[in-house]
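What follows is a short report on a single structure.
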Amino acid sequence: AGMLAGDPWAFEQFASGEELLARCNHSLHAASCLLLESRLTDMTAVNLFDRLIKSDAMMPVIFVAPKGSVQEAVKVMKQGAVDYISDISDPQELRASIRKAIVICRERQEQLAEQEAFEQRLATLSDAERMVLQLVVSGSVNRDIAEKLDVSLRTVQYRRSSIMKKLQIGSWIALLQLPSLHDLRWD
């Protein structure tokens with residue numbers, strides 16, 4: 001934080017990995033990232049990163065490890081670290097990594113907000129509409145859906161139209177693409 005003192009970012013330091021985990025806000029409200037130094041008192045930085053991944057923390061991580069190994073760098077980058085900086089003498093490199101991490105964080109926040117908004121719209125569907133939606137996204141055509149649900153073709157068409165309005169979907173193709181765009185759960 002010292003070399004970046006004049007920058008517009010706010011910094012918070014944690015004495016240990018456990019302190020970070022205890023205070024880490026996994027539902028991010030402000031764009032943020034974690035500069036993870038190898039000097040932790042209670043665990044290795046890699047172990048802390050593993051625990052963050054398992055907890056579904058959305059915060060992008062930048063490793064700052066002046067004495068890190070190539071194997072460690074490869075491992076954490078494969079697991080999704082934004083960057084691995086071994087030479088922190090160049091503040092420009094660190095600033096660039098932070099900017100990149102902030103962009104990633106904002107993208108994750110936007111994706112999460114879109115998914116939450118979609119789930120709220122999905123919750124407005126009636127049970128009958130949900131059944132039609134399940135059959136549509138599984139590839140069934142209207143006539144087959146009508147037969148499976150023992151309703152008229154017109155009823156299926158009406159429910160499909162209602163689904164598209166409630167989910168704010170503009171085309172049949174977009175309706176078919178829902179499973180690839182959203183994590184659909186049919187609880």
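In this text the structure is predicted, and so the values were computed from the model without any measurement. Only this structure's heavy atoms are used, side chains among them; waters, hydrogens and symmetry mates stay out. Sequence positions, counted from 1, serve as the residue numbers for this chain.
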Shared hydrophobic cluster, Leu20 / Ile53 (ILVMFWY, side-chain heavy atoms < 4.5 Å): yes
Residues that Glu19 engages under salt bridge (Lys or Arg N to Asp or Glu O under 4.0 Å), provided they are two or more places apart: Arg23
Residues that Glu37 engages under side-chain hydrogen bond (donor to acceptor under 3.5 Å, both in side chains), provided they are two or more places apart: Arg39
Residue pair Leu34 / Leu52, side-chain heavy-atom distance below 4.5 Å: yes
Within one Ile-Leu-Val-Met-Phe-Trp-Tyr cluster: Val103 and Leu94, side-chain cutoff 4.5 Å: no
Flag if over 12 foreign heavy atoms under 6.0 Å of CE, Met164: yes
Gap between atom CZ of Arg143 and atom CD of Gln157 - 0.5 Å precision: 8.5 Å
Beyond-backbone contact of Asp83 with Lys100, side-chain heavy atoms, under 4.5 angstrom: no
Salt bridge (Lys or Arg N to Asp or Glu O under 4.0 Å) against Arg108, all qualifying residues, sequence neighbours excluded: none
Residue pair Val46, Arg51: steps toward the side chain to side chain contact (heavy atoms under 4.5 Å, CB included) verdict: CA-CA 9 Å; Val46 174; Arg51 288 184 60 186; over 6 Å; no
Criterion side chain to side chain contact (heavy atoms under 4.5 Å, CB included) on Leu48 and Glu18, from CA distance to verdict: CA-CA 8 Å; Leu48 176 57; Glu18 288 299 334; over 6 Å; no
side-chain contact (heavy atoms from CB on, under 4.5 Å) partner of Val82, chosen from Cys105, Cys33, Pro60: Pro60
Ser97 side, atom OG; Leu35 side, atom CG - distance, nearest 0.5 Å: 8.5 Å
CG-CD distance between Leu167 and Gln120, expressed to the nearest 0.5 angstrom: 12.5 Å
Parallel, tilted or perpendicular, as decided by the 30° and 60° cut-offs, for the rings of Tyr84 and Phe63: parallel
Candidate pair Gln115 and Glu119, rule side chain to side chain donor-acceptor pair (under 3.5 Å), full reasoning: CA-CA 6 Å; Gln115 181 66 28; Glu119 288 173 5; 2.9 Å; yes
Heavy-atom pair with the smallest gap, counting every atom of Asn142 and Leu153: CB-CD1, 3.5 Å
Nearest heavy atoms of Phe49 and Val76, plus distance in Å: CE2-O, 3.6 Å
Pairwise distance CE(Met131) to CG(Leu125) - rounded to 0.5 angstrom: 13.0 Å
side-chain hydrogen bond (donor to acceptor under 3.5 Å, both in side chains) against Glu147, all qualifying residues, sequence neighbours excluded: none
Minimum side-chain heavy-atom gap Leu36-Met59 below 4.5 Å: no
Pair listing, salt bridge (Lys or Arg N to Asp or Glu O under 4.0 Å) test, anchored in residues 155-166, at least two apart: Glu129-Lys166
Heavy-atom pair of closest approach, residues Ile62 and Ala101: CD1-CB, 4.0 Å
Closest approach of Ile163 to Leu133 (non-hydrogen atoms, all atoms of both residues): CD1-N, 3.7 Å
Under-4.0 Å salt bridge between Arg121 and Glu116: no
Side chain proximity check, Asp144 to Leu135, heavy atoms < 4.5 angstrom: no
Other ILVMFWY residues reachable from Val74 by side-chain steps of under 4.5 Å: Val70
Ala174 versus Ile169, closest heavy-atom pair with distance: CB-CG2, 3.5 Å
Criterion side chain to side chain donor-acceptor pair (under 3.5 Å) on Gln109 and Arg106, from CA distance to verdict: CA-CA 5 Å; Gln109 289 171 326; Arg106 286 187 180 128; 5.6 Å; no
Rounded distance (nearest 0.5 Å) linking atom CD1 of Ile145 with atom CG of Asp150: 14.0 Å
Leu178 CG to Ile173 CD1 distance, which is reported to the nearest 0.5 Å: 12.0 Å
Side-chain heavy atoms of Thr155 within contact of Leu149, under 4.5 Å: no
